[in-house]
Every structure is written in structure tokens, then in C-alpha cells.
**Q** 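Could you have a look at this structure, given as C-alpha cells, before my questions?
Both counts, for ligands and for their atoms, begin at 1 and track the order of listing. Only this structure's heavy atoms are used, side chains among them; waters, hydrogens and symmetry mates stay out.
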Amino acid sequence: MRAAVLCLLNLLIVTGSDGWHEMRIRKFKKNFLFGAATSAYQVEGGWDADGKGESIWDKYVHENRNVVADGRNGDVASDSYHNWQRDVQMLRELGVDFYRFSISWPRVLPNGLSNEVNEAGFKYYDNLIDELLKYEIQPMVTLYHFDLPQALQDLGGWANPLSITWFEDYARVIFKRYAEKVKFWITMNQPNTICIEGYAGGGMAPGLSLEEGGAYECVKNVLLAHAKAYRLYEKEFEKEHQGNVGISIAVNWFDALVNTTENVEATERAREFEFGIYLNPIWGKEGDFPAIVKSIVDKKSKEQGFKTSRLPKLSAAEVKLLKGSADFLGMNHYTTFLVEPGTTKYESPSIEDDRNTKYSQGPEWKPGKSSWLKSAPYGLYKACIYLNFNYDYPPIIITEHGWSTGPGLGDQSRVDNMRAYLGALLLAIEDGTDVKGYTAWSLMDNVEWTAGTSERFGLYEVDFESESKTRTARLSALVYKHIIESREVEDNWAPSSLKIEITKNEKKNNNYKGEL
Ligand code: GBH
């Protein structure tokens, strides 16, 4: 009860109700971790360099020449394959504690399977990781960020239950090589994007529409692959290396458009289909897919004439494997949606038909450059409280939050957005949310999937026209650096120039031993 009253007070602050003046200064604790993120396909380039295999994104953009908005795909991207020293220099300028990046599976295992290892590809990650450690920046490694080896897609990709073993074998190769040096692991980035946007008509690679079951089969396999990798680390690496293994899930916030019974019910469906389906098997009391998701898809499948549900079952052993299979929840949070019943896609069977929700966003919320991105910081606060109450205060690392603009260094809108969301995060922490760290998406401009470089998420601007893909700090980089130093979100602070330098006596959590 007390907790609930405190929450209400902070909700008042976060929604900015007029006349409420809070004098208290909130600070991030000294051991709170700040970082920045990228992903392999989005920054590396070198798409076929030194024996790298083809990924599903390589094939997708090469075969569908118009699929990338401005035509700039990941072939060269920000060329981090050659610019890794400059990338680490930027991280030092910012003064972050960690760098979240992903390993390109086909760069190190060109055909996806563990029989053929590409040493030349590994060399890139060896260099990057050693350079980070040299400056006491912790590597946070994502094993899978959307770029499946095409050779495995040819065998059905994540819709094939064998993918669980392919991933476990891949994870073993990576853990063996880097467990000594890497203490933060993320198995999967956003199963929702992998399976729903990738396998159910969402326009992400491999660009499939397997509404009759393939997309749900993907959800099951991706979750089980994650759990197998977690258990592998737990069994063979944890004792010696003391690292943390988590999974990143898109937990945007979903609120009822107006408070009618129909809308509230639709909102519950939105939450369970959008993130409960991934959270509940790992953090739910009983585990398994959420009851609402099971009953809706089971019932609809029957009506649609299927003999078995389009949502595959998890066996008792699988439920057990998944339950508790994460040391932290990687929360990717960008925006909020307002929910009412209905669908824009009247096909049946389809996942949209199962979910039966229509989304909009507040007309007064500031728009980012991406069509789906509006600023609603109260949503981060509410999402945190929802996670606490429904999943019993899970340890959280915000593994992505960010804002898109056009090109240009004076990104005041990114600064405003970051300050507002970090302010909301401080309130969520005050109200009991166990947040260990925050990751800005993104360290630099990169290939925003099918949006190409038409939407920029970087703290650093990348000049994609230049040969060397020159990086330049934006205003937001300086503001983020100041927040990390001061541990405080100050609305009125401004740098005297856009010059950013490595702060002398870089002092990090440098005796970091892997404890969360
Ligand atoms: C994250 O996901 C990703 O992990 C990261 O790679 C990405 O760069 C970042 O966010 C910013 O988008 O245009 O309406 O069809 C976000 C997943 C996938 C959400 C593409 C928006 C397109 C929606 N994004 N999706 S729409």
C-alpha cells in the first residue's frame, strides 16, 4: 500500500502535473552503469570481408533493392569493421562504463554451424574487446541481433526447432573464446522483432509472412535457444567467470486510449502479446506463455479449422528450462502506444487478428524522425512499475533507449528526450525498480534497418558520404557525458562548445568483477 501511494506521487511528477514543484535532487548511484550500444549489421560493414558468410539481412537488401528507404544498406554501414579504434575512442570521450555491441554470427561461423570457424572474422572482435578492456570499458556482448546466417535460413531459420541447437553450439564457441573477458552477455535482441516483424509480415528480414504458425514457432524456438545458452553458461562457465547472462526484450508501454472496459481488455492483450509472451516464460510465477495468449490463439485456431493450436505448447520440461533463465532483464524502451480494440489487417489467421488491438499515440507527444517514435517519458515509469508488480522486481538493465533525428549536430530534441526519460527512470528507481544500468541507442548513426540512414539515432553523427565515415560528437554526446560525470539530470546545463575530449583520469567501475 505504502509503495502504491509513493508510486502515485511520482507518477504525478513524471506526468508533469502543473503546480507540482519537487525540490529534491535525484542522482544515479555511483555503481549505476552507463553505456552506449550498436549492433553488428548496423555499423560494421565488411559484409563479405575476410571470409564472412551471408546473413539474412545481406540477402534481403540485395534481392529487394527498394526495401531500404535511402538505399544505404549494411554493406559498408559506418564501417566499424575498420573504425573500431575510433569507436572505442568515442566511448572514452563519453566516459561510459560499458559498450553494448553484437557479434555477427556469419562473420565468425560463415555457414552458421560450428564445424567451420572464421579466424579472420574473430580477429575483429578480439581487437575490439581488447581495446575496450585496455580502457576499462566493459564489453556487453549480444549474441544475436537480427543477422542470422543465410545458410541456416535456407533450412528454415528460427521456424526450425533445430535452430535451438544451432544457437547453443554458436553460443558455446563464443563463450569459450570470450568468457574470460566478457562479463555481460545478451543472448537475443528483441524476439518480437525477430519473429513477429521478421516472420509475420513486419518487413524485417527474412521478410516472411508465416501467420499460420511459423511466427509462433519462431517465438518458441528463440526462447528455448536463449534458455539453452543460459543453462550452458550456468553449467560450464559461470563458476569460473562470474558473468551475467540476460535477454533484451522490447518493453514499450501500452495504455488504454480511453478507460472503457473494451479498451482496458485490449490493452491487456497488447501487453501480453507484445512482451508478456517473452517475459512470462522467464519471469512469470508459473512460467509458460501468458494464459490470455494461450486461450485466444487456441480458441481461434479451433475456429479456423486447425487440429492443433497455431501457438505451440511448451512441455513441462521446457517450462522448467525457461523459468529463471536470466540474470537480468534487458529492457529496450522507446515509446508508448495507446490501445483500443480492432485491427488494421483483416486477414485471418494472423497475429494481428489474434491480438485484436489498434495503436495510436498522443497527439501532443513530441515526434521523433521515425514514424513509430513519440516522446512519452511517463511510459517508461509505468512500464517499470508494471514489471515490478507483475514479475516481482526483476533486475533490469535498460539495454536500449534512444531518439531519431535527421542529420545535424544540434540535436536538442534528443537531449530533451534523454533528459525526460532519465528523469522518469530516476523516479522508477526511487519507487523500487531494480535498474542496474542504462544504454543509449546508439553510440553513432548507423543503418536503421529498412529506414537506411534516413533516421539517425547516434550520439555521434556519421558522415556516410566520407570515405572514412567520419564521426562527430553531437550536442547529446556532451550532455550524456555530463550526466555520467555528475550522475544528475540538469535541465539547464549546456556545454560551451561541441568539442568533446577524453577526460583525464578516466575513472570507471574499474575493479568490476562481474557482480550485478
Ligand atoms: C531497436 O528495435 C533495435 O534493437 C535496434 O536495432 C534499432 O536500431 C532501434 O530499435 C531503433 O529502431 O517502421 O512502423 O514498420 C526497434 C525495432 C524495428 C521498431 C523496426 C520499429 C519498424 C516499425 N524497430 N520497426 S515501422
**Q** Mark yes or no for whether Asn111, through its side chain, and Ala151, through its backbone, hold a donor-acceptor pair below 3.5 Å.
**A** no
**Q** Return the set of residues passing side-chain contact (heavy atoms from CB on, under 4.5 Å) with Ala40 (not counting sequence neighbours), or none when no residue passes.
**A** Glu44, Ser102, Ser104, Tyr125, Asp147
**Q** So, Asp411 and Arg456, do they make that salt bridge, N to O below 4.0 Å?
**A** no
**Q** Any ion pair linking Asp87 and Lys469 (charged N to carboxylate O, less than 4.0 Å)?
**A** no
**Q** When rounded to the nearest 0.5 angstrom, what distance separates NZ in Lys369 from CD in Glu455?
**A** 6.5 Å
**Q** Are Arg310 and Asp354 close enough for a salt bridge, meaning some N to O gap below 4.0 Å?
**A** yes
**Q** Check ligand 1 for N or O atoms under 3.5 Å from a protein N or O and list each pair with its distance.
**A**
| from | atom 1 | to | atom 2 | distance (Å) |
| --- | --- | --- | --- | --- |
| ligand 1 | 2 (O) | Gln190 | OE1 | 3.3 |
| ligand 1 | 2 (O) | Gln190 | NE2 | 2.9 |
| ligand 1 | 4 (O) | His145 | NE2 | 3.3 |
| ligand 1 | 4 (O) | Asn189 | ND2 | 2.8 |
| ligand 1 | 4 (O) | Glu400 | OE1 | 3.0 |
| ligand 1 | 4 (O) | Glu400 | OE2 | 2.9 |
| ligand 1 | 6 (O) | Gln42 | OE1 | 2.8 |
| ligand 1 | 6 (O) | His145 | NE2 | 2.9 |
| ligand 1 | 6 (O) | Trp449 | NE1 | 2.9 |
| ligand 1 | 8 (O) | Gln42 | NE2 | 2.9 |
| ligand 1 | 8 (O) | Trp441 | NE1 | 3.2 |
| ligand 1 | 8 (O) | Glu448 | OE1 | 2.6 |
| ligand 1 | 10 (O) | Tyr334 | OH | 3.2 |
| ligand 1 | 10 (O) | Glu400 | OE1 | 3.3 |
| ligand 1 | 12 (O) | Glu448 | OE2 | 2.5 |
| ligand 1 | 25 (N) | Glu197 | OE1 | 3.0 |

